[in-house]
Amino acid sequence: MHVSNIIQISTPLAPKAIGPYSQAVMCGGFLFISGIIPINPQTGELLKDTIESETALVLDNLKAIVEAAGMTLGHVLKTTVYLRDLGLFGRFNEVYGRYFSDRPPARETMQVSGLPKDASIEISAICGK
């Protein structure tokens with residue numbers, strides 16, 4: 001692939017990148033979405049609430065990026081989920097399942113000691129047409 005084949009994807013309906021990276025890039029029919037933490041795209045503020053509301057915000061933001069690339073959540077092939085507390089996995093998984101009920105993507109979920117802005121959750125994704 002040539003660099004000229006890479007398309008940067010960005011939408012104001014998801015949080016701006018908080019570092020030197022893109023919300024997502026598309027190349028060869030695949031969309032690579034950077035890790036998303038629960039930031040409200042309108043205010044730029046990190047949501048610190050329940051794992052359910054934080055998960056829903058992250059997945060709403062992910063959906064906005066996917067749609068900005070002309071895809072749907074049905075195009076998500078794989079997600080990577082980082083949780084600060086795996087004890088919240090069941091509650092996280094219940095919300096996640098509502099977004100990916102028909103054909104869930106491949107996924108790994110891991111507990112980490114820290115995330116940007118001291119978030120409780122971060123999700124990245126790979127989509128394909």
Side-chain angles (χ1 to χ4, degrees):
M1 293 282 155
H2 294 279
V3 173
S4 61
N5 295 338
I6 298 173
I7 301 167
Q8 184 178 13
I9 303 296
S10 182
T11 176
L13 300 176
K16 294 179 183 177
I18 57 174
Y21 61 89
S22 300
Q23 284 179 337
V25 294
M26 184 175 280
C27 185
F30 290 96
L31 179 67
F32 301 90
I33 301 173
S34 296
I36 302 169
I37 59 175
I39 292 178
N40 180 313
Q42 285 77 39
T43 66
E45 296 296 318
L46 179 72
L47 177 65
K48 293 291 261 181
D49 195 30
T50 65
I51 192 63
E52 292 89 350
S53 62
E54 292 173 20
T55 301
L57 179 56
V58 168
L59 292 171
D60 286 342
N61 290 335
L62 184 126
K63 182 179 178 199
I65 295 169
V66 168
E67 290 175 349
M71 297 182 181
T72 69
L73 288 179
H75 290 99
V76 177
L77 302 173
K78 181 178 182 302
T79 60
T80 301
V81 179
Y82 303 97
L83 294 174
R84 282 207 5 239
D85 180 358
L86 272 180
L88 300 174
F89 178 79
R91 293 167 51 195
F92 147 78
N93 208 41
E94 185 177 318
V95 175
Y96 182 94
R98 290 194 294 252
Y99 285 79
F100 298 108
S101 59
D102 293 336
R103 188 183 53 88
R107 176 183 85 189
E108 67 258 338
T109 304
M110 62 200 83
Q111 180 171 309
V112 295
S113 62
L115 290 167
K117 295 190 173 261
D118 200 31
S120 298
I121 183 171
E122 181 173 10
I123 301 176
S124 63
I126 300 171
C127 308
K129 284 196 173 186

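Count residues from 1 along the sequence.
Of all heavy-atom pairs spanning Thr80 and Met110, the tightest one is CG2-CE, 4.0 Å. Of all non-hydrogen atoms in Ile36 and Leu62, the two that sit nearest each other are CD1-CA, 3.5 Å. Listed here is the closest heavy atom pair of Thr109 and Leu83: CG2-CD1, 3.9 Å.
Lys78 pairs by the salt bridge (charged side-chain N to carboxylate O under 4.0 Å, His left out) definition with Glu108, not counting sequence neighbours. Residues that satisfy the side chain to side chain contact (heavy atoms under 4.5 Å, CB included) test with Glu94, not counting sequence neighbours, are Arg98. Among residues two or more places apart in sequence or in another chain, the side chain to side chain contact (heavy atoms under 4.5 Å, CB included) test is passed with Leu88 by Ile51, Asp85, Arg91. Residues passing the salt bridge (charged side-chain N to carboxylate O under 4.0 Å, His left out) test with Arg107, sequence neighbours excluded: none. Asp60 pairs by the side-chain hydrogen bond (donor to acceptor under 3.5 Å, both in side chains) definition with Tyr99, not counting sequence neighbours. Shown here are the side chain to side chain contact (heavy atoms under 4.5 Å, CB included) partners of Val25, two or more places apart in sequence or in another chain: Ile6, Ser22, Phe32. Take Asp118 and apply the side-chain hydrogen bond (donor to acceptor under 3.5 Å, both in side chains) test, not counting sequence neighbours, and it matches Arg84. Not counting sequence neighbours, the partners of Ser34 by the side chain to side chain contact (heavy atoms under 4.5 Å, CB included) test are Tyr21. For Thr79, the side-chain hydrogen bond (donor to acceptor under 3.5 Å, both in side chains) test picks out Tyr96, with sequence neighbours left out. In this structure Phe30 satisfies the ring-ring contact (aromatic ring centres under 6.0 Å, His included) test with no other residue, sequence neighbours excluded.
The backbone N or O of Pro38 lies less than 3.5 Å from no partner atom in the side chain of Glu54, so there is not a single donor-acceptor pair.
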What side-chain donor-acceptor pairs closer than 3.5 Å can you find for residues 10-19, not counting sequence neighbours?
{"from": "Thr11", "atom 1": "OG1", "to": "Leu13", "atom 2": "N", "distance (Å)": "3.1"}

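The environment of NZ in Lys48 is crowded: more than 12 heavy-atom neighbours from other residues, nucleotides or ligands sit within 6.0 Å.
Sequence neighbours left out, not one pair with a member in residues 119-129 passes salt bridge (Lys or Arg N to Asp or Glu O under 4.0 Å).
Using a 4.5 Å heavy-atom cutoff, the side chains of Ser124 and Ile33 are not in contact.
Note: the hydrophobic cluster containing Val95 also contains Phe92 (ILVMFWY, side chain heavy atoms under 4.5 Å, direct or indirect links).
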